[in-house]
Each structure stands twice: as C-alpha cells, then as structure tokens.
There are 2 protein chains.
Amino acid sequence: MNSVVAINHRARSSEQKALRRHAVLETAEMYFKEVGYETFSMAQLAKKAGLAKGTLYLYFKTREELFLTLYEQSLIRWSQTFIETLSNTMTSKAYAQSLYKTTQADGVFLPLLIRLEHVIEHNVSIPRLVESKRVFIHQVEAIAEVTSSALRLNTEQALEVVKTMGVLLIGATQTDQSPALDNEELPTDVQHLITSFSSEPLFTKNAARIIEGIRAEGISGV
Amino acid sequence: MNSVVAINHRARSSEQKALRRHAVLETAEMYFKEVGYETFSMAQLAKKAGLAKGTLYLYFKTREELFLTLYEQSLIRWSQTFIETLSNTMTSKAYAQSLYKTTQADGVFLPLLIRLEHVIEHNVSIPRLVESKRVFIHQVEAIAEVTSSALRLNTEQALEVVKTMGVLLIGATQTDQSPALDNEELPTDVQHLITSFSSEPLFTKNAARIIEGIRAEGISGV
DNA sequence: TATATAGTTGACCGCCGGTCATTTAATATT
DNA sequence: AATATTAAATGACCGGCGGTCAACTATATA
C-alpha cells in the first residue's frame, strides 16, 4: 500500500523533500497506469503514497501540475529511448515504426501527451508552463538532430519532420483511447470501421508520406 | 435565461418531447460555446434551459450522451457544409484549406471530436455508441464520394484521404486548445514555439503531402 | 368532478479538487 | 536534559460535481 520507501518521517532538508516528491511521482505513475487519467484521484493517490491528501499539495500545486511533471518525465524518458533506436541511415518506414513502437511501449507518455493542451495546461501556473515548454523545445531539438542524420535531411527539414510526427501521432492514436470492447458485442460494420482506423498502419503509412513529401520539397527547393 | 421556447409546460406527446429535447440541445450548444467542455455543468445547463437538473436526465442518460448527440449534430452539419465547398476539380491545397476552414468555422465540432474517443465515448451505452459510429461511417462515405471527384481519386483512395484528414485534423488542432495567453507574458523562445505549431499551415501542408502520397501510390500500384 | 397516468422536481448521495487551523516531529537554544 | 522554535504533515471542511428517486402535480380520461 505504502510506496514511500525513501523517507519514513518528515522531510526536512531539501534533499529529503526531493526524495519524497520523487516517491510520490513514482506512486502516481503506477496508479495512473492502473486507472488512467479520468479516474485518477488525489485522495486515492494520497492513500497509495501513505500520505494525507493535504501533503500532496505541499509538493504539487494542483492535480494538473503533478500530471505535467509526469508528462515531462515521460517525454524525456521516451526521447532517450527513441534516439537510441535511431541508426545513421534509415528508411522513412523504419523511422516511423520505431517512433510508433517506442511511444506505445511507454504506458504514460501518449495518454498524457493527448491530454496536454486541452486539459493539463489549463490548471498550471504560467512559469511552470513556460518551464515545460522549454523542456519540450529541448527534446524536440535533440530528436531533430539525430533525425537529421537518420533520414539524411537538413536541420530545418528534420525539425519539421519531428514536429509533424508529434501531430500525426496524437491524431493516429486517438482511436486507441476508445473504450475497450474486446468481446464481439459490436456489429460487423462497426468492427470493420475500428480495424480500418488501426493506429499502427495509420501512423506509419502517413508518417512515410509526410517524410517523403518534406524530402521532395527540399530537393525541388519549395 | 430560459431558452426553452417551444414548450412552456409538460411534454406529453412524443412530438413535444422531441421538441423539448431539441430545445435542450440548442441551449447546451450555446452554453458549450461559452464555457467549453470542462467547465460545462449539468446544473448550469438546467438553469439556462429553465428546467430542473433531474429533467435533463429524462432526455439524456449521462452528460456524455448529451455531448455525443451534440457531436453527431455538428458532424452532420459540418459534413454538409464541407461537401458544398467542394468543386469537381480541386488542388490538394484548396481541398485541405476548405476542410480546415469549415471545421474552424463550426465552434462545436472540433472540440468535441478531440474529446470523443478518450472522454465522451467512455460514459455512453453501447447501443448509443454503435449508433454514433454508424452516423460517422455514413458521413465519411458521403464525404469520400465527393472527395473522389474533387481530387480525381478512386473510391478506395478517396476513403483513405478522408479518414486520414480526420486524424491529421485532430493532431494539428491540438495546439489551438492551449490556454489563451494573448498578452506578452511569454518569453520569445516559447512564443516562437507556439507560432511554429500554428495549426493552419500544419494541417494544410501535411494534408497536401498525404494526398499526393496517396495519389502517387495509386499510380505506381503500391 | 374523480381517478389514473406520467412528466417534473429538487433534496439528497458519494465523491471530487483544494484549503488551512491545528498538531507534532525534529531541531536549536538554554 | 529541559525547553522553545520551526515547519512538515494532517484531515476536517468547503463548494461543486454527476447522477438518483420518492414525492409532487399537470394533464388526459372516465
């Protein structure tokens, strides 16, 4: 039940506070993976972390600032993982597949990315938002640099690819968020619709089209 | 305050009930345009509609079923508008621009589309969900048919274009959902980021790339 | 006018995110 | 060792949420 193992009693030094904050984030991530964004409650998190609800608000101003922190962590974590999968010469398809696969493997990144702009950012202080955007800029630039050599594009093109992949990813994985209707309670026409919106081919096919489009524009000088 | 003009007293016939339901939906749409999805409350809606809260639940099982209905209405409305803008021979760019412009013009369609799969569909009965999916299928097919002649693509290609445009639209307009920070309280690097994610060029550029990609695949027989 | 039917109501429920006076553990001072 | 000081932690409390349902009452019928 109690996931706060680092500190048993009061956190006094800033070091101890950082540890406690970290422990809360770990518990929150586990809990989030269990129940998802909408069901996640601060009272439940407090219980799971072995703290009182009020204590959570000593470490995070709002529920959304907590989620923004989780998002940042997952963005950084995923970026590193993705970059490690990139080699010096790749096809657009291989690039897109690796991007898709690594985002899917991280159980936190995509669900938070999808909710970032229309939910999470709306209950967060402006300085905190600015800080988060800067983390985003930094990660995008890091990915763009490796993308440049992976796909043999100039810096500008690589940057556009990375930004566009993010956009496409959000759109393509939207369908994965539908309620799980494992059983065969759906009529065949609707089942067919759902399979035709399968996110994996939807993403990889169009990612390749976009990358090739950007590459072609670079050649012709558009 | 009271937007229910059609019926002053009890709705007894199924006709009157339909009228009242319709009046509630109209009030809900106005109210939604005012405050958006997260702030929208059933108690406030009841007040604005001049009804008791409990009465709303005679016409809609849940808040989400109400939103699903608003979404369906806006989908149908937008589809018709969009189809009317299509001519028999268009460039990919003109097609994409018209699609973008018409969705932006409808203040309800996009905000609900974005929340459809990960919020709205999760508190809705399965029969109602199936019904909604069928409306979606029908609209997609109608748009695909006109798209086919507008972009000179075969049926299959046109269908893929329409589905993909939806995905891209959701991704590209994500940034528009960020909190409005009109003033100059943001540092220039973050401002630059935001403008570089401007949804209009993001959508139209990549829409054109994807359409041309699909067209090219058709020619080469991929 | 009396009765039956069914549309409407709003007090009520459990739970939410968030607050803050109070408690109390850990440190500093004597 | 005893005491004073500090601030981390607490949890009762707040307003508001989506949703429910016994009671009420407007209307149609007899």
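Note on naming: letters A, B, ... go to the chains in the order of the sequence lines (proteins, then strands), and numbering restarts at 1 for each one.
The separation between A:Leu19 atom CG and D:dA8 atom P is 15 Å, rounded to whole Å. The separation between B:Leu58 atom CG and C:dT9 atom C1' is 9 Å, rounded to whole Å. One can place NZ of A:Lys47 at 12 Å from P of D:dG11, the figure rounded to the nearest angstrom. Atom pair A:Leu56:CG and D:dG11:P shows a separation of 12 Å (rounding to whole Å applied). One atom, CZ of B:Arg20, and another, C1' of C:dA6, lie 14 Å apart when rounded to the nearest Å. Straight-line distance from the CG atom of A:Leu51 to the P atom of C:dG17: 16 Å, rounded to whole Å.
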Output side-chain donor-acceptor pairs under 3.5 Å for residues 54-62 of chain B, partner residues at least two apart or in another chain, one line each.
residue, atom, partner, partner atom, Å
B:Thr55, OG1, B:Ala52, O, 3.4
B:Thr62, OG1, B:Glu64, N, 3.3
B:Thr62, OG1, B:Glu65, N, 3.0
B:Thr62, OG1, B:Asn123, O, 2.8

Throw together a table of side-chain donor-acceptor distances under 3.5 angstrom for residues 136-144 of chain A, partners on residues two or more places apart or in other chains.
residue, atom, partner, partner atom, Å
A:Gln139, OE1, A:Ser79, OG, 3.1

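Under the side-chain contact (heavy atoms from CB on, under 4.5 Å) criterion, B:Thr155 pairs with no residue at all, not counting sequence neighbours. By the ring-ring contact (aromatic ring centres under 6.0 Å, His included) test, A:Phe67 pairs with A:Phe32, A:Tyr37, A:Phe40, sequence neighbours left out. Qualifying side chain to side chain donor-acceptor pair (under 3.5 Å) partners for A:Lys53, counting only residues two or more places apart in sequence or in other chains: none.
Regarding contacts with the backbone of D:dA8, every side-chain N or O of A:Tyr59 stays at 4.0 angstrom or more from both OP1 and OP2.
Of the candidate nucleotides D:dA9, C:dT8, C:dT9, C:dT9 has the atom nearest to the side chain of B:Ala52.
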Original post:
Base, backbone or nothing for each nucleotide of nucleotides 17-30 of chain D, written B, S, -, heavy atoms under 4.0 angstrom, 5' to 3'?
Top reply: SBBB----BBSS--
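The aromatic rings of A:His118 and B:His118 lie tilted to each other, with the angle between the two planes from 30° to 60°.
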